[in-house]
Each structure stands twice: as structure tokens, then as C-alpha cells.
Novice: 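One structure coming up, written as C-alpha cells, with questions to follow.
Since the model is a prediction, treat every value here as computed from it, not as a measurement.
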2 protein chains.
Amino acid sequence: MVVDALTEAEVNAIFHALADATRRDILGRVLTDEQSVSALARRYEMSFAAVQKHVAVLERALLVSKRRQGREQLVQGEAAAVGRARRLLADYEELWRSRARRIDDLLAEPEPASRTTTSTTPIEGDAG
Amino acid sequence: MVVDALTEAEVNAIFHALADATRRDILGRVLTDEQSVSALARRYEMSFAAVQKHVAVLERALLVSKRRQGREQLVQGEAAAVGRARRLLADYEELWRSRARRIDDLLAEPEPASRTTTSTTPIEGDAG
DNA sequence: CGCATCTACAACCATTTGGTTGTACGTTAG
DNA sequence: CTAACGTACAACCAAATGGTTGTAGATGCG
């Protein structure tokens, strides 16, 4: 399964980080332009510390990285990580849709009755 | 912009809903199989009410829908919504990467010095 | 009917989140 | 050196989250 190259906790962190408009905005900006935390902070109507925390959340999700340059801390978006997040959903979608398709096929059966032994795709009960 | 066919609040809701392992698991299951809330609840080591809340979060994000059948409430995954969420990230990625690529081009310049007037893509300051 | 099941919802609690302010420390500019 | 800037981090706070239990309304079954 391609999906679980990442821990559940990591997936949680990624989606959680993306679930806030300010953080998505920050991510968008630093993917374009490396920016210092204070430069970012100037753009939003909240304290420096608040922006600092948002950046920390993005960093924990590995969506951005920081590198120190003199007294500034430059925040850089990890474009690859965004791709990874997207692929993550794509994989889920693929996985889920392919399973769902089997159901669709069954539902599309013209004769729901009289098919008690022909089930080729048993859809395991997959107990937790 | 394709992205903002959804409200920021809706995007928040989608990512928030996906930022929990139990909810992702529920979503996976109901994309495969329509299931009642209590059937879902039996699968997890938490109370019925807790699962009910998770389903409500998924529902608010439009990732699942419910339909009543007798005394049961059947939860059904909205495969289309998962695709929408995936496309959302794909759009972000596209947008961000295309902007980032301009930067990459500049950084890829073979001669960092002696090129002060040749900048063809000025990268507007994009003041907020 | 009477009882079990499924659901809905309120009240409550601990923890996390998202914000604030204040303080301390390293770095750069004068 | 001193002052200003950028950062880090702690303490604090209100609100949201994720869980619990309890109660009550529908629905189905014997």
C-alpha cells in the first residue's frame, strides 16, 4: 500500500496543518518566496508569536522548512511535501474508489436475486 | 481560479475532517459499504456518541451523507467529495508549483553575477 | 403492549488550539 | 557599546475538540 509510507500521526499533522486558512496562505507565499517569519507576520492581523506558531504547525507537518540567515529565519515551502499530500489523497481516492467500484458493479447487477453462489469478489468482512 | 469554488470555511472543514485517523477509517469504510452509525460504532473502542460525532464532522465536510432506513441511519461516503478534496490539493499544488517554478528558473541561472538587467520575470512584490 | 435497538442531543470534562502579552537572547547597525 | 530588530519561549486565556454519561424519542419485534 503506497499510502502508509507515512505514519497516521504524520497524515494527521499534514491535514491538520492544511485545515487553517492562515496556514494555507502562509504555505502559498513561502512556496513562491522564501520569507522571514517577521516578514510573514507583517502580512496578518495577528501577533508575531501567533504567526510563529502557525509556521511551527506547518513545520511539524514537514510542509515548510526554516533556515537561519543572520538574525532572520527564512521559511521555505516544501513543494514536494504538497505533492506528497496531494498524492496521499489521490491514493486514498484510488483505494477507496476501486473498492467502491466493486460495490457499484454488484449494485449494477441486472438480477439481484438468483445469485447466491456466483460471487467472484467476496468483499471480505475485513474485521478490524 | 478553480480553487475557490469552495469557501475557505468549507476547505477548512474538509481538511479538518481528514485530520483524524478514526474519521479517515470511517470514511474508507462507508465508501465501500453503506453502514449504520451503530454498525460503525461497534468497530471502534469508543462510545456510540463519539462515533456519532465523528460522522457529524464528516457530514459537515460533505464527505459523507446519511439516509434513514427504518430505525437505522445509513452513512454513505461521497466518493465524489473525496475526489473534490484531492483536486483541491492538486489545484493548490498546480498554482503553487507554477509560481515556484519561476523562482526555480531564477535560481537556476548559470551566472548569478553580471545579470542585473536581464530579469524577464520580475516576480511582483504582491503586496497584501 | 412491552421491550430492545438505533438515534439524537444535552451536559460535562480534559486536552488542544489559536490567540495574547511579556521576557530573554542573538545579531546587525550606528 | 548601545539600540533596534528578529527570534524563541513561557505563561496565560477563551474557545474548540474529542471523549464520556445520561436521557429521551422513534422504530421494529415478539
Side-chain angles (χ1 to χ4, degrees), chain A residues 7-30 33-77 128, chain B residues 7-30 33-77 128:
Chain A
T7 315
E8 280 198 339
E10 291 170 326
V11 180
N12 291 355
I14 290 174
F15 284 130
H16 170 67
L18 291 172
D20 179 282
T22 301
R23 285 194 292 264
R24 287 194 302 273
D25 196 73
I26 290 177
L27 180 55
R29 293 186 185 281
V30 300
D33 251 328
E34 228 180 11
Q35 284 185 55
S36 70
V37 181
S38 54
L40 284 170
R42 268 176 242 120
R43 297 183 173 276
Y44 305 98
E45 296 213 335
M46 65 184 76
S47 69
F48 171 82
V51 172
Q52 215 179 8
K53 284 189 185 180
H54 281 306
V55 170
V57 172
L58 288 167
E59 207 179 0
R60 257 177 271 138
L62 302 180
L63 290 168
V64 307
S65 62
K66 290 194 294 187
R67 68 172 240 265
R68 197 174 294 108
Q69 187 182 46
R71 64 183 165 186
E72 292 185 335
Q73 194 82 266
L74 297 183
V75 184
Q76 183 178 29
Chain B
T7 314
E8 281 199 338
E10 290 170 326
V11 179
N12 291 355
I14 290 174
F15 284 130
H16 170 66
L18 292 172
D20 180 281
T22 302
R23 285 194 294 262
R24 287 194 301 273
D25 195 73
I26 291 177
L27 180 54
R29 292 186 185 280
V30 300
D33 250 327
E34 227 180 12
Q35 284 184 55
S36 71
V37 181
S38 53
L40 284 171
R42 267 176 242 120
R43 297 182 174 275
Y44 306 97
E45 297 213 334
M46 66 184 76
S47 68
F48 170 82
V51 173
Q52 216 179 10
K53 284 189 185 181
H54 281 305
V55 171
V57 171
L58 288 167
E59 207 180 359
R60 257 178 270 137
L62 302 179
L63 289 168
V64 308
S65 61
K66 290 193 294 189
R67 67 171 239 265
R68 197 175 293 110
Q69 187 181 47
R71 63 181 168 190
E72 292 185 336
Q73 194 83 265
L74 297 183
V75 183
Q76 182 179 28

Novice: Just to verify, what does A:L74 make a side chain to side chain contact (heavy atoms under 4.5 Å, CB included) with, not counting sequence neighbours?
Specialist: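 With neighbours one apart ignored, the set is A:E34, A:S36, A:R67, A:Q69, A:E72.
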
Novice: To the nearest Å, how far apart are B:Q35 CD and C:dT7 C1'?
Specialist: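 In whole Å, C:dT7 C1' lies 16 Å from B:Q35 CD.
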
Novice: Under 4.0 Å: is that the gap between some side-chain N or O of A:R23 and OP1 or OP2 of C:dG18?
Specialist: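 For A:R23, the contact criterion (side-chain N or O under 4.0 Å from OP1 or OP2 of C:dG18) is met.
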
Novice: Rounded to whole angstrom units, what separation is found between the CD atom of B:Q69 and the C1' atom of C:dT7?
Specialist: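 So the CD-C1' distance, B:Q69 to C:dT7, works out to 15 Å.
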
Novice: Just how far, in rounded Å, is C1' of C:dT17 from CG of A:N12?
Specialist: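 Whole-Å distance recorded here is 15 Å.
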
Novice: Please write out each protein N/O paired with an N/O of nucleotides 9-16 of chain C under 3.5 Å, distance rounded to 0.1 Å.
Specialist:
none

Novice: Are B:R29 and B:D33 ion-paired here, with the side-chain N under 4.0 Å from a carboxylate O?
Specialist: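 No, this pair does not count.
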
Novice: OP1 or OP2 of D:dT20 versus the side-chain N and O atoms of B:S47: is any pair under 4.0 Å?
Specialist: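 Yes, B:S47 has a side-chain N/O under 4.0 Å of OP1/OP2 on D:dT20.
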
Novice: From CE of B:M46 over to P of D:dG19, roughly how many Å is that when rounded to an integer?
Specialist: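 Value for this atom pair: 5 Å.
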
Novice: Please report the distance, rounded to the nearest Å, between CZ in B:R67 and P in D:dT27.
Specialist: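 So the CZ-P distance, B:R67 to D:dT27, works out to 16 Å.
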
Novice: Return no unless some side-chain N or O of B:S38 is found under 4.0 Å from OP1 or OP2 of C:dT7.
Specialist: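 Checking B:S38 against C:dT7: at least one side-chain N or O falls below 4.0 Å of OP1 or OP2.
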
Novice: Taking only side-chain N and O atoms of B:R42, does any of them lie within less than 4.0 angstrom of OP1 or OP2 on C:dT5?
Specialist: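 No, because none of the side-chain N or O atoms of B:R42 sits under 4.0 Å from OP1 or OP2 of C:dT5.
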
Novice: With respect to the side chain of B:R71, which nucleotide from C:dA4, C:dT7, D:dG19 is positioned closest?
Specialist: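 Per side-chain heavy atoms of B:R71, the pick is C:dA4.
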
